[in-house]
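Positions are given from 1, in the same order as the sequence printed here. Everything numeric in this text was worked out from a predicted model, so none of it was measured.
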Amino acid sequence: MPKPAIIGWSHGKFGRSESPLPEMMGDVARDAIADAGLEPSDIDVIHVGVYNNGLSKQGFEAALPGVVFPELSLTPAHRHENACATGSTAVFSAHDSIAAGRHKTALVIGAERMTQASGHDVNEVLLSASYREEEEHFKSFAGVFGEIARQYFDRYGDHSETLARIAAKNHANGSQNPLAHMQKDLGFDFCNTVSEKNPYVAEPLRRTDCSMVSDGAVALVMAAEDVAASAPQAVTWRGMGNANDVLPLSQRDPLEMAGARRAMAQALDAAGIGIYDLDLLETHDCFTIAELLEYEAFGLAEPGQGHRLLTEGTTAVGGRLPVNASGGLKAKGHPIGATGVSMHALAAAQLTGRSPGIQIQDPELAGVFNMGGAAVSNFASILERAH
């Protein structure tokens with residue numbers, strides 16, 4: 001079975017963009033193909049990840065790259081949507097098409113333009129990633145994770161300081177990433193203090209506990225081994241995992257993150273390693289409580305003990321397992337469809353010594369975890385450098 005590799009990538013700056021979505025997608029697609037040392041005619045298939053769901057009246061996003069990139073207009077293209085895991089769904093679909101031998105090369109584009117929509121509309125779109133029949137009363141997706149944080153505090157005590165440490169860590173990392181939406185080190189005290197500039201959004205979550213509404217686009221080129229052999233760089237999968245969990249919070253223990261645990265366990269088992277064998281981890285911190293729960297779901301700490309990783313510096317750059325050296329969704333931004341593609345691109349950049357921000361020293365294995373909804377759709381990758 002062919003072994004797919006990531007052989008090129010392009011990562012636009014996240015934040016507020018005045019460019020239309022097709023132009024954002026076309027720019028990163030063109031640059032990623034060039035980075036891979038290929039021509040547009042070398043691309044066999046395109047996988048596009050855009051959530052949309054009301055952010056724009058323009059659908060049919062699979063066809064948009066061909067609008068501004070005519071060389072791709074006749075290339076087969078497919079659009080994927082899977083809540084906040086939309087980008088990784090596109091990546092895994094491209095991987096599968098190459099591994100199955102159907103295609104030699106694939107272009108993956110993850111993109112979202114969110115800032116042109118009203119705050120009300122963005123809120124409604126994001127809330128649709130919850131089970132609205134039961135969870136409408138939370139009024140926002142932040143409200144859903146606020147409820148999860150409240151349950152965590154009820155079970156394990158007030159961990160507001162722990163969440164602030166996660167936020168401060170990721171903002172410090174993001175301050176060194178020129179592609180991040182927010183490039184400012186906010187500091188622990190600011191993140192830990194409720195103020196006019198850092199109010200509660202969905203108690204106990206403060207503004208600094210929530211990722212930002214962002215625009216952004218990222219592209220990857222993936223290829224079979226024979227194509228990757230002559231590419232300028234190649235990063236392959238050592239292991240992969242994909243698992244779902246039931247959508248309604250009422251039907252599960254949201255603090256367990258069973259689907260996330262299963263996806264990461266699958267990836268680690270396939271790779272033949274333990275979680276601490278990773279040299280870095282890019283994980284889904286849409287809210288700081290999510291990163292804390294992921295620590296525990298992945299086995300970095302026992303349930304209720306994730307706070308120790310922050311106080312001991314385990315997940316800091318220079319610690320035993322740096323988490324979100326890019327700044328994570330918290331500082332880098334969270335353009336929904338682009339997020340999973342961004343995680344894979346920046347992990348590949350770390351492994352090839354090309355990180356645009358903080359560069360982890362001589363990494364051999366990188367972990368990626370991207371989830372849709374409240375850990376409903378879960379994707380895990382273990383990546384390693386091929387050459």
Side-chain angles (χ1 to χ4, degrees), residues 11-17 84 87 110 112 114-115 122 126 141-142 145 149 160-193 195 197-199 201-202 205-218 280-295 306 309-310 313-319 321-347 349-350 355-360 366-371:
H11 195 303
K13 186 184 183 305
F14 285 1
R16 182 180 292 273
S17 175
C84 300
E112 210 76 59
M114 305 177 70
T115 62
V122 170
L126 296 181
F141 206 59
F145 273 87
S160 297
E161 287 194 8
T162 302
L163 301 187
R165 291 186 192 282
I166 291 172
K169 168 182 70 70
N170 292 350
H171 278 292
N173 293 347
S175 70
Q176 299 186 57
N177 182 356
L179 303 177
H181 186 156
M182 181 177 286
Q183 298 166 34
K184 185 176 182 180
D185 185 350
L186 298 179
F188 169 73
D189 289 341
F190 179 83
C191 294
N192 194 45
T193 303
S195 65
K197 292 186 176 180
N198 190 28
V201 174
L205 300 181
R206 301 146 296 198
R207 181 176 290 163
T208 49
D209 293 309
C210 308
S211 58
M212 294 172 288
V213 173
S214 306
D215 305 327
V218 186
L280 63 113
L281 174 64
E282 286 290 320
T283 200
H284 195 101
D285 60 321
C286 52
F287 301 92
T288 52
I289 185 64
E291 182 169 325
L292 178 60
L293 288 171
E294 287 153 20
Y295 292 167
L309 302 174
L310 281 307
T314 304
T315 57
V317 172
L321 178 56
V323 176
N324 288 333
S326 67
L329 285 60
K330 180 78 268 294
K332 184 181 62 179
H334 184 23
I336 306 299
T339 289
V341 186
S342 168
M343 290 175 159
H344 284 86
L346 293 181
Q350 286 281 3
S355 173
I358 294 170
Q359 175 66 56
I360 303 301
V368 170
F369 174 74
N370 179 210
M371 70 182 185

Sequence neighbours excluded - side-chain hydrogen bond (donor to acceptor under 3.5 Å, both in side chains) pairs with any residue from residues 333-347: His11-Ser342, Lys332-Ser342, His334-Thr339, His344-Ser381

Are the side chain of Lys13 and the backbone of Ala180 linked by a donor-acceptor contact shorter than 3.5 Å? yes

Just grab all the salt bridge (Lys or Arg N to Asp or Glu O under 4.0 Å) pairs involving residues 206-215, residues at least two apart or on different chains. Arg206-Asp209

Among Arg16, Glu112, His181, which residue meets the side chain to side chain donor-acceptor pair (under 3.5 Å) test with Ser214? His181

Quick check: closest heavy atoms across Pro322 and Gly318, and the distance to 0.1 Å? CG-N, 4.2 Å

To the nearest 0.5 Å, atom CG of Asp285 lies from atom CG of Leu163 at 11.5 Å

Considering residues at least two apart in sequence or located in another chain, which fulfil the side chain to side chain donor-acceptor pair (under 3.5 Å) criterion with Ser211? none

Sorted by chain and number, sequence neighbours left out, salt bridge (charged side-chain N to carboxylate O under 4.0 Å, His left out) with Glu282 holds for none

Do Phe287 and Val201 come close enough that some side-chain heavy atom pair is under 4.5 Å? no

Can any side-chain N or O of Asn192 pair as donor or acceptor with the backbone N or O of Ala164 at less than 3.5 Å? no

Test ring-ring contact (aromatic ring centres under 6.0 Å, His included) applied to His171 - qualifying residues, sequence neighbours left out: none

Would the distance check show the side chain of Gln183 and the main-chain N or O of Pro178 forming a donor-acceptor pair, the cut-off being under 3.5 Å? yes

Under 3.5 Å: donor-acceptor pair, side chain of Asp185, backbone of Ser175: no

Quick one: closest heavy-atom pair of Cys210 and Leu205, and the distance? SG-CB, 4.4 Å

Set of side chain to side chain contact (heavy atoms under 4.5 Å, CB included) partners for Thr162, sequence neighbours left out: His159, Leu292, His307, Leu310

Separation of Leu329 CG from Thr288 OG1 (nearest 0.5 Å): 12.0 Å

Using side chain to side chain donor-acceptor pair (under 3.5 Å) as the criterion, list what pairs up with Ser160, not counting sequence neighbours. Asp158

List in chain and number order the residues that pass side chain to side chain contact (heavy atoms under 4.5 Å, CB included) with Ala168, two or more places apart in sequence or in another chain; answer none if no residue qualifies. Phe188, Cys191

Distance-only, no hydrogens or angles: does the Asn198 side chain make a donor-acceptor pair with backbone N or O of Thr193 under 3.5 Å? yes

Would you check if the side chain of Asn370 reaches a backbone N or O of Cys84 as a donor-acceptor pair within less than 3.5 Å? yes

Pairs satisfying salt bridge (Lys or Arg N to Asp or Glu O under 4.0 Å), at least one member in residues 163-172, at least two apart: Glu161-Arg165, Lys169-Glu291

Nearest heavy-atom contact between Ala331 and Asn170 is CB-O, 3.5 Å

Set of ring-ring contact (aromatic ring centres under 6.0 Å, His included) partners for Phe141, sequence neighbours left out: Phe145

For Gln176, check side chain to side chain contact (heavy atoms under 4.5 Å, CB included) against everything at least two apart and list the hits. Ile358

Quick one: closest heavy-atom pair of Pro335 and Gly216, and the distance? CB-N, 3.6 Å

Can you tell me if Asn173 uses its side chain to pair, donor with acceptor, with the backbone of Asn324 under 3.5 Å? yes

What closest approach, in Å, do Ile360 and Ala325 show between heavy atoms, and which atom pair accounts for it? CD1-CB, 4.1 Å

So which atom in Pro356 and which in Asn177 form the shortest heavy-atom distance, rounded to 0.1 Å? CG-OD1, 4.0 Å

To the nearest 0.5 Å, what is the distance between CE (Met212) and CZ (Phe14)? 11.0 Å

Look at the side chain of Gln350 and the backbone N and O of Gln359, then say whether any donor-acceptor pair between them is shorter than 3.5 Å. no

Close side-chain approach of Tyr295 and Thr314, heavy atoms under 4.5 Å: no

With sequence neighbours left out, what residues match Val122 under side chain to side chain contact (heavy atoms under 4.5 Å, CB included)? Leu55, Met114, Ala117, Leu126, Val213

